[in-house]
Amino acid sequence: MTEITSVEQLEAIYGTPGEASLVKELDRLIPEYIAFVEASPFVALATNGPEGLDCSPRGDLRGFVRVADERTLLMPDRRGNNRVDSLKNIVRDGRVGLLFLVPGSGTTLRVNGKATLSIDPELCASFAVDGQAPRSVIVITIQAVYFQCARAIVRSELWNPDRHVDPKSLPTPGKILAATSQARIDGEAYDAEWPERARKTMW
């Protein structure tokens with residue numbers, strides 16, 4: 001296998017980016033970019049730490065990531081599995097990357113920046129849903145923001161319902177846990193209990 005080992009080699013193969021690829025990147029939000037943040041119910045959050053990289057799905061009601069100002073985003077940390085991999089990385093490193101998706105749109109929004117965690121009571125309370133406030137809020141200082149064109153979404157047919165996979169054709173979380181735990185976890189019981197457990201810990 002022939003590997004690329006330098007930026008010079010890479011640029012010789014791919015060439016230089018066009019003007020449109022460069023001028024779209026800013027160090028702050030503009031109204032056009034804010035529109036995507038406010039319409040998005042799903043963000044992939046990438047972090048870095050001593051153990052390596054992590055990418056975590058984050059989803060909530062549309063616009064759950066709040067625009068504090070043109071250089072600051074606020075993201076509530078909703079209930080999850082308590083591994084807190086992303087949060088550990090943020091505390092130890094702080095560098096983050098976000099990819100906002102908007103159902104039905106091929107355009108995505110990318111944000112790179114530095115993050116901190118806030119447990120300010122008033123801030124956390126301002127993100128409460130059904131009386132449940134997040135235990136922390138991720139405060140993101142934007143360093144770069146730009147849109148990604150629709151090619152990947154179009155190629156993948158992500159929003160085409162005719163291309164959606166039947167969930168029954170995939171292993172359930174319970175089956176996966178039974179396999180990874182060598183049957184210490186009862187997979188069927190886990191799957192049966194999941195809907196009620198999820199309902200109680202949604203927010």
Side-chain angles (χ1 to χ4, degrees), residues 4 6-11 13-78 80 83-118 123 127 134 136-160 163-164:
I4 295 174
S6 72
V7 173
E8 290 75 19
Q9 285 179 288
L10 190 63
E11 290 177 341
I13 294 170
Y14 283 90
T16 56
E19 182 183 13
S21 295
L22 299 175
V23 299
K24 65 183 179 182
E25 181 177 337
L26 301 174
D27 62 357
R28 66 194 183 283
L29 294 167
I30 56 175
E32 290 78 4
Y33 285 165
I34 290 173
F36 281 91
V37 174
E38 293 180 340
S40 175
F42 180 88
V43 178
L45 170 66
T47 59
N48 183 63
E51 290 81 22
L53 301 174
D54 182 74
C55 189
S56 172
R58 302 284 165 146
D60 208 330
L61 301 175
R62 187 177 71 178
F64 73 101
V65 176
R66 184 183 301 168
V67 176
D69 57 53
E70 65 178 7
R71 286 186 169 85
T72 311
L73 295 173
L74 304 173
M75 181 192 301
D77 185 62
R78 298 296 183 198
R83 283 183 55 116
V84 295
D85 294 322
S86 299
L87 304 188
K88 289 176 183 176
N89 284 347
I90 288 170
V91 168
R92 294 178 293 183
D93 187 306
R95 290 176 293 173
V96 296
L98 296 89
L99 177 68
F100 290 86
L101 298 181
V102 179
S105 172
T107 302
T108 60
L109 188 72
R110 297 173 63 173
V111 174
N112 296 325
K114 294 281 288 185
T116 58
L117 294 182
S118 174
L123 179 60
F127 282 96
S136 66
V137 174
I138 302 171
V139 181
I140 300 145
T141 299
I142 295 170
Q143 296 174 327
V145 54
Y146 53 97
F147 76 90
Q148 188 78 31
C149 72
R151 290 187 184 91
I153 302 296
V154 171
R155 283 194 295 259
S156 68
E157 296 189 67
L158 185 63
W159 309 128
N160 181 356
R163 303 290 289 180
H164 288 181

Practice prompt. For residues S86 and L45, report the shortest heavy-atom separation together with the two atoms involved.
Written response: CB-CD2, 4.0 Å

Please output the side-chain donor-acceptor pairs of residues 25-43 that fall under 3.5 Å, not counting sequence neighbours, one pair per line with the distance.
unit_1 : atom_1 : unit_2 : atom_2 : d
D27    : OD1    : R71    : NH2    : 3.3
D27    : OD2    : R71    : NH2    : 3.3
Y33    : OH     : K24    : O      : 2.5
S40    : OG     : F42    : N      : 3.3
S40    : OG     : F42    : O      : 2.8
S40    : OG     : L101   : O      : 2.7

Discussion item. Does F100 form a side chain to side chain contact (heavy atoms under 4.5 Å, CB included) with L73? I'd like the steps, not just the answer.
Written reply: CA-CA 12 Å; F100 290 86; L73 295 173; 4.1 Å; yes

Worksheet item: Any side-chain heavy-atom pair from R66 and V137 closer than 4.5 angstrom?
Response: no

Item to complete: Look at the side chain of K114 and the backbone N and O of D93, then say whether any donor-acceptor pair between them is shorter than 3.5 Å.
Response: yes

Worksheet entry | Working for side chain to side chain contact (heavy atoms under 4.5 Å, CB included), residues D77 and L117 | CA-CA 9 Å; D77 185 62; L117 294 182; over 6 Å; no

Discussion item. Out of the candidates K88, R83, R92, only one should pair with E51 under the salt bridge (Lys or Arg N to Asp or Glu O under 4.0 Å) rule; please name it.
Written reply: R92

Worksheet entry | Nearest atoms (heavy-atom pairs only) where I153 meets G106 | CG1-O, 3.3 Å

Response to the item:
Scanning both residues in full, the closest heavy-atom pair of V102 with W159 reads O-CZ2, 3.7 Å

Worksheet, complete the sentence: With sequence neighbours left out, the residues meeting side chain to side chain contact (heavy atoms under 4.5 Å, CB included) with A46 are none

Fill in: Selection residues 137-156 - residue pairs positive for side-chain hydrogen bond (donor to acceptor under 3.5 Å, both in side chains), sequence neighbours left out
R110-Y146, R110-Q148

Worksheet item: Given the rule in the side chain to side chain contact (heavy atoms under 4.5 Å, CB included) test, do V96 and N89 qualify, once you have shown the distances and angles that lead to the verdict?
Response: CA-CA 9 Å; V96 296; N89 284 347; over 6 Å; no

Worksheet item: Is R58 close enough and on-axis enough to F64, meaning under 6.0 Å and within 45°, for cation-pi?
Response: no

Practice prompt. Inspect the surroundings of CZ in R62 and state if more than 12 heavy atoms from other residues, nucleotides or ligands are less than 6.0 Å away.
Written response: no

